[in-house]
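Please read the structure below before turning to the comments.
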Amino acid sequence: MTYQLVVEPLGERIEVAEDQTILDACLRQGIYLPYACGHGLCGTCKVTVLDGEIDHADASPFALMDFERAEGRALACTARMKSDCEIEADIEEDPDQRRIPIRDFTVTVEQVEDLTGDVKGLRLALQNGPIDFQAGQYVNITLPGVEGTRAFSIANPPSDNGAVELQIRRVPNGKGTGYIFEQLKQGDQLKLSGPYGRFFVRKSRGGPLLFLGGGTGVSSPHSMVLDLLAEGYTQPITLIHGVRTQADLYGVEEFTALADKHANFRYVPALSSEPAESNWQGARGFVHEVAESLYGGNFEGLTAYLCGPPVMIEACVNSLMRGRLFEKHIITERFLTAADAEKKSRSPLFKSL
């Protein structure tokens, strides 16, 4: 059985299956609704039900309070329709965002590579591909015996659309990454869906770009930089990749080769915990500290793209804002697991971060 859903302010009408969430139905039609956790815990995907009846399902009473339910509010990631409905969502359209419907894929593990002691690189060949995506977006993967899905950024550029490359750090006691590190092997088949997210380059703005990546957070900038350079982007591009020590650093040869080939691309690996007596001759310090040093604390005129752990994001946002860069020119995205959503900390300065 299906229902009809009208999405305002777009005025679009789509079909929604009886057991399908409003968020999933919209994303699969290429209609982007703001969301983060996808588990009814964070409240990012809140919409107003203008007409019709819905089931709130597992929406957290903290993310969706009783008085909000009485006022017709709902969480799109848990709400399921019990009749034809009309909703109003906080949709912010961006001229650089392409409308790409979410799809389901079967993939075969083509390569499993040790990038560092706790980071693996995967290349997953798409059996029913290719996948259409914008550089910076991510996919959700279903792993055997692991409840729920796991989100990972796509590391390859959109031109390489017959496969998905991922850079995955092992999470201590993590069931998903534990499976990947201990059991996943070449030839295995998995299910994934995507692309998700709004972390993409605002190419129409032009101007110099600053990419700040922490750990495996460099995977999205990797895709973005490759895409920009292949398209012939001529404005200055700087990538700062922060890790703890030399043993945690990967991708150096590729990024260095790109910097040698493209005069407008600068690559700066930065180590925050490298022993003082080591042979490291490059930048030392946290990502935001190295950025402040490179730009003299003045980031005016840049557009910055941030990807990494929350503590790194917060520190970088603070530094960028002190250096006269504000919300419109600071782009980041956090895709959250259920566990993340329960303990997440969000900057009060940004409704979209």
Side-chain angles (χ1 to χ4, degrees), residues 94-98 133-138 153-161 165 167 195 197-243 249-271 282-308 312-313 315-317 319-321 323-333 353:
D94 189 293
D96 291 299
Q97 182 173 17
R98 294 179 50 229
F133 67 96
Q134 290 183 263
Q137 292 189 291
Y138 68 92
S153 297
I154 304 173
N156 50 305
S159 57
D160 181 19
N161 59 7
E165 292 184 359
Q167 299 170 357
R198 296 191 87 200
F199 190 56
F200 53 85
V201 178
R202 276 56 174 178
K203 295 179 181 179
S204 65
R205 297 182 184 180
L209 307 177
L210 172 61
F211 293 92
L212 304 177
T216 53
V218 77
S219 54
S220 286
H222 178 266
S223 176
M224 293 163 143
V225 168
L226 288 178
D227 186 47
L228 287 164
L229 295 177
E231 288 186 353
Y233 195 84
T234 59
Q235 292 293 310
I237 303 171
T238 295
L239 167 62
I240 303 175
H241 181 201
V243 295
L249 195 60
Y250 63 92
V252 176
E253 291 184 1
E254 180 183 14
F255 285 128
T256 300
L258 287 171
D260 289 341
K261 182 178 179 181
H262 300 274
N264 65 317
F265 175 57
R266 174 171 58 172
Y267 164 61
V268 183
L271 308 184
R284 292 175 179 264
F286 292 106
V287 172
H288 66 285
E289 296 170 335
V290 174
E292 289 177 356
S293 177
L294 285 178
Y295 289 90
N298 183 7
F299 303 103
E300 193 170 7
L302 296 170
T303 299
Y305 295 84
L306 286 55
C307 192
M312 173 226 141
I313 298 294
C316 288
V317 167
S319 289
L320 293 170
M321 294 191 71
R324 301 188 60 78
L325 201 65
F326 301 103
E327 179 177 2
K328 180 181 178 182
H329 295 285
I330 301 175
I331 313 298
T332 188
E333 182 173 60
L353 301 190

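Residue numbers run from 1 in the order of the sequence given. For clarity, every value in this text was computed on a predicted model and none was experimentally measured.
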Heavy-atom distance under 4.5 Å between the side chains of Asp227 and Ser159, does that happen here? no
Given side chain to side chain contact (heavy atoms under 4.5 Å, CB included), test Leu239 with Val268 step by step and report yes or no. CA-CA 6 Å; Leu239 167 62; Val268 183; over 6 Å; no
Could you give me the CA-CA distance, side-chain angles and deciding distance for His329 and Phe299, then say whether ring-ring contact (aromatic ring centres under 6.0 Å, His included) is met? CA-CA 10 Å; His329 295 285; Phe299 303 103; over 10 Å; no
To the closest 0.5 Å, what do you measure between OG1 (Thr332) and CZ (Phe199)? 5.5 Å
Would you say that Phe255 contacts Val218 through its side chain, given a criterion of any heavy-atom pair below 4.5 Å between the two side chains? yes
What's the shortest heavy-atom distance between Gly215 and Tyr250, and which atoms? O-OH, 3.8 Å
Using a distance-only test with no angle check, is there a side-chain donor-acceptor pair under 3.5 angstrom linking Gln167 and Thr216? no
Within the distance-only criterion (no hydrogens, no angle test), does the side chain of Gln134 pair as donor or acceptor with the backbone N or O of Arg98 below 3.5 angstrom? yes
Walk me through it: do Glu289 and Arg284 pass the test side chain to side chain contact (heavy atoms under 4.5 Å, CB included)? CA-CA 9 Å; Glu289 296 170 335; Arg284 292 175 179 264; over 6 Å; no
Whether the Thr238 and Tyr295 side chains hold a donor-acceptor pair (N or O, under 3.5 Å, no angle test) is what I'd like checked. yes
Rounded to the nearest 0.5 Å, what separates atom CD in Glu300 from atom CG in Leu325? 8.5 Å
Measure the spacing between OH of Tyr305 and OG of Ser220 and express it to the nearest 0.5 Å. 12.0 Å
Would Arg202 count as a cation-pi partner of Phe200, with NZ or CZ less than 6.0 Å from the six-membered ring centre and within 45° of the ring normal? yes
Can you tell me how far the CG atom of Leu302 sits from the CD atom of Gln235, to the nearest 0.5 Å? 11.0 Å
Check Ala291 against Leu212 and note the closest heavy-atom contact, atom names and distance. CB-CD2, 4.3 Å
Contact summary for Val243 and His241, nearest pair of heavy atoms: CG1-NE2, 3.6 Å
Any donor-acceptor pair under 3.5 Å linking the side chain of His222 with the backbone of Asn156? no
Could you check if a side-chain atom of Ser223 sits within less than 4.5 angstrom of a side-chain atom of Ser153, using non-hydrogen atoms only? no
Check whether any side-chain heavy atom of Tyr267 sits under 4.5 Å from a side-chain heavy atom of Val252, and report yes or no. yes
Derivation of the side chain to side chain contact (heavy atoms under 4.5 Å, CB included) call for Leu294 and Arg266: CA-CA 11 Å; Leu294 285 178; Arg266 174 171 58 172; 4.0 Å; yes
Does a donor on one side chain sit under 3.5 Å from an acceptor on the other, for Ser204 and Asp96? yes
Distance-minimising heavy-atom pair for Ala270 and Gly285: CB-O, 4.0 Å
Should we say atom CZ of Arg324 is surrounded by more than 12 heavy atoms from elsewhere, each under 6.0 Å from it? no
What's the shortest heavy-atom distance between Ala304 and Leu320, and which atoms? CB-CD1, 3.8 Å
So Cys316 and Val287, side chain to side chain contact (heavy atoms under 4.5 Å, CB included) or not? Walk me through it. CA-CA 7 Å; Cys316 288; Val287 172; 3.9 Å; yes
Would you mind telling me which of Leu229, Val225, Leu228, Leu226 makes a side chain to side chain contact (heavy atoms under 4.5 Å, CB included) with Pro157? Leu226
From Leu210 CG over to Thr303 OG1, what is the distance, rounded to the nearest 0.5 angstrom? 9.5 Å
Quick check for you: to the nearest 0.5 Å, what is the distance between Ile330 atom CD1 and Met321 atom CE? 6.0 Å
Polar side-chain atom of Asn264 near backbone of Tyr233 as donor-acceptor pair, under 3.5 Å: yes
Quick one: sort the Phe286 and His288 rings into parallel, tilted or perpendicular, breaks at 30° and 60°. parallel
